[in-house]
Trainee: 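Below: one structure in structure tokens.
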2 protein chains.
Amino acid sequence: MRVADKAPMVERILNTADRLFYQRGIRAVGVDLIAAEAGISKRSLYDYFPSKEALIEAYLERYTLPLPQIGASPAAQILGAFDRLERMFRQDGFRGCPLVNAVAELGAGCEPVRSIAARFKEERRAWFRARLTEAGLVDPDALALQLLLLSEGAIASMLVSGDAEVARGARDAAAVLLRSAGLDA
Amino acid sequence: MRVADKAPMVERILNTADRLFYQRGIRAVGVDLIAAEAGISKRSLYDYFPSKEALIEAYLERYTLPLPQIGASPAAQILGAFDRLERMFRQDGFRGCPLVNAVAELGAGCEPVRSIAARFKEERRAWFRARLTEAGLVDPDALALQLLLLSEGAIASMLVSGDAEVARGARDAAAVLLRSAGLDA
DNA sequence: CTGCCTCCACACCGGTCTGTGTAACTTTAG
DNA sequence: CTAAAGTTACACAGACCGGTGTGGAGGCAG
């Protein structure tokens, strides 16, 4: 197999790992199972990833992709992000944020994972900040953090309670904070 | 050993399990290690807890204790809860909420754990609601949820970023929401 | 001292884990 | 066709898992 053919196989392995890791937890899923579900032998899987840890990190890295941009007012984009959250909540198999879950599960002593998750959350916060700057806010830092806290809180609450309505609560709170900062949707 | 002497030993086991489970993750800690660190044999540990799962549930159950009441205005009590959060964040070894972490780690198919965590969060939300009712709010439900989301978000963000300042951000957001509902500290 | 009861150290069970070694099979290239 | 390369199934190593069984050490009552 040529190198050019490796990428799709890597993708297939990562799709399988994603599904299993996210649904059952990272430590609960063995390499044998991932290989079997991906339709390759364990021996071949270790040709693509040198260790389970490398596979875990690749699985988490995939989530650090930028959010889509919708052509609307900044405040509407922000509230739209909470609507998107609610749609995610209502999808079957939602089980919280994979990155937060990984940090929670792997615990102390797994610094690479924490670092990937921190980078991801910083990106999300920067997205809020960029929207607020677009809207003309001169000091968007504090508000961007607060919006991030609302979405993180909604994700954690949804994971525990299973009630997708929490997204609506987060959206309403975000609207109050935005209005209090002088922004209207 | 008489039955009356059992309680302290159970407490010691739970203290040990708490430290290890919370710091390293539940699946990462074996029963052997808990017994050794608690200073008893594994055989004796199984006299106090019939299985590891029972130990896990007892470990989580301990967190469902009521919050302390401080004699201050309701709004001040609520903001004080966020100050308390910040003090928790600054303690060594803070690793997020044990109940959320357990749900994140054990994943689907571990309903008892999810149920304990949901009960805990509902208690927290009820605490906020009670303070808001004290303050004269006629419909405290939505705001109580939003305050809970802020604290949950702060906990998750602290776990990932390690920056205790997020508690301040949550507190500030809570103050804005309270003021917007007509309450002042 | 004797009998009893509790607890411990230790070994063990079957199972699972990550990771590797190997030999047979299939595919591809020349 | 032949040779090389890639992939497979399979077994294995070494470690750990949850849980149990056992023999013996220690305290205590009579």
Side-chain angles (χ1 to χ4, degrees), chain A residues 1-60 102 105-113, chain B residues 1-60 102 105-113:
Chain A
M1 179 176 277
R2 293 187 309 283
V3 176
D5 298 331
K6 278 192 135 187
M9 181 58 80
V10 165
E11 209 60 24
R12 198 167 82 192
I13 294 170
L14 284 177
N15 285 337
T16 307
D18 188 304
R19 178 169 43 89
L20 294 171
F21 281 159
Y22 183 61
Q23 216 58 37
R24 309 191 193 180
I26 292 175
R27 270 199 242 262
V29 173
V31 179
D32 303 73
L33 181 60
I34 296 173
E37 298 256 326
I40 61 171
S41 71
K42 182 164 66 162
R43 201 68 185 74
S44 300
L45 191 150
Y46 273 96
D47 291 340
Y48 295 99
F49 296 94
S51 66
K52 185 183 181 181
E53 195 180 337
L55 182 55
I56 293 168
E57 289 172 22
Y59 149 66
L60 296 175
E105 174 171 2
L106 282 324
C110 196
E111 194 52 31
V113 166
Chain B
M1 176 178 277
R2 292 185 309 281
V3 175
D5 298 332
K6 275 193 140 190
M9 180 60 79
V10 165
E11 208 61 24
R12 198 165 85 191
I13 294 170
L14 284 176
N15 285 337
T16 307
D18 188 305
R19 179 168 45 87
L20 294 171
F21 281 157
Y22 183 60
Q23 216 58 36
R24 308 191 194 180
I26 291 175
R27 268 197 242 263
V29 172
V31 179
D32 304 75
L33 181 61
I34 296 173
E37 298 256 326
I40 61 172
S41 73
K42 184 164 63 164
R43 200 66 186 75
S44 300
L45 191 150
Y46 273 95
D47 290 340
Y48 296 99
F49 296 93
S51 68
K52 185 183 181 183
E53 195 180 337
L55 182 56
I56 293 169
E57 288 172 21
Y59 149 66
L60 295 175
E105 175 171 0
L106 282 323
C110 196
E111 194 52 29
V113 166

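Because the structure is a prediction, the values reported are computed rather than measured. Order of the sequence lines sets the chain letters (A, B, ...), proteins ahead of strands, with each chain counted from 1.
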Trainee: Closest approach of Tyr46(A) and Ser51(A), non-hydrogen atoms and distance?
Mentor: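 Nearest pair, atom of Tyr46(A) first, then Ser51(A): CE2-CA, 3.9 Å.
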
Trainee: For the pair made of CG in Asp47(A) and C1' in dT7(D), what is the distance, rounded to whole Å?
Mentor: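 Distance, rounded to whole Å: 9 Å.
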
Trainee: Any idea which of dG19(D), dT20(C), dT8(D) is nearest the Lys52(B) side chain?
Mentor: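 In terms of side-chain proximity for Lys52(B), the closest of dG19(D), dT20(C), dT8(D) is dG19(D).
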
Trainee: For the residue pair Tyr59(B) and Phe21(B), what are the closest heavy atoms and their distance?
Mentor: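 Looking at all heavy atoms of both residues, the closest pair is CD2-CD1, 3.6 Å.
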
Trainee: Could you give the CG-to-P distance, from Asp32(B) to dC12(C), as a whole number of Å?
Mentor: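 Between P of dC12(C) and CG of Asp32(B): 16 Å.
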
Trainee: Compare every heavy atom of Ala28(A) with every heavy atom of Glu105(A), then report the nearest pair and how far apart it is.
Mentor: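 Of all heavy-atom pairs spanning Glu105(A) and Ala28(A), the closest is OE2-N, 4.3 Å.
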
Trainee: May I have the distance from Phe49(A) (atom CZ) to dT18(C) (atom C1'), rounded to whole angstrom?
Mentor: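 Answer to the nearest Å: 16 Å.
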
Trainee: Nearest to the side chain of Ser41(B) - dG18(D), dA9(C), dT20(C)?
Mentor: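 The closest nucleotide is dA9(C).
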
Trainee: Arg27(B) has an atom CZ; how far is it from atom P of dT16(C), in whole Å?
Mentor: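 The answer, rounded to whole Å, is 14 Å.
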
Trainee: Rounded to whole Å, please give me the gap between CG in Leu33(B) and P in dC17(D).
Mentor: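 Atom-to-atom, Leu33(B) to dC17(D), this comes out as 8 Å.
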
Trainee: To the nearest Å, give me how far apart CG (Leu55(A)) and C1' (dG19(C)) are.
Mentor: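 Value for this atom pair: 14 Å.
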
Trainee: Expressed in angstrom and rounded to an integer, what is the separation of Leu45(A) atom CG from dG6(D) atom P?
Mentor: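 Rounded to whole Å, this separation is 17 Å.
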
Trainee: Considering heavy-atom distances to DNA chain C, does Ile26(A) or Lys42(B) have its closest nucleotide positioned more toward the 5' end?
Mentor: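 Result: Lys42(B).
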
Trainee: For Gln23(B), look at atom CD and say whether over 12 heavy atoms of other residues, nucleotides or ligands are found less than 6.0 Å away.
Mentor: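 For Gln23(B), atom CD is crowded (more than 12 foreign heavy atoms under 6.0 Å).
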
Trainee: Given dG19(D), dT20(C), dG19(C), which nucleotide is nearest the side-chain atoms of Arg43(A)?
Mentor: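 For the Arg43(A) side chain, the nearest candidate turns out to be dT20(C).
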
Trainee: In whole Å, what is the span from the OH atom of Tyr46(A) to the P atom of dT18(C)?
Mentor: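 Distance, rounded to whole Å: 6 Å.
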
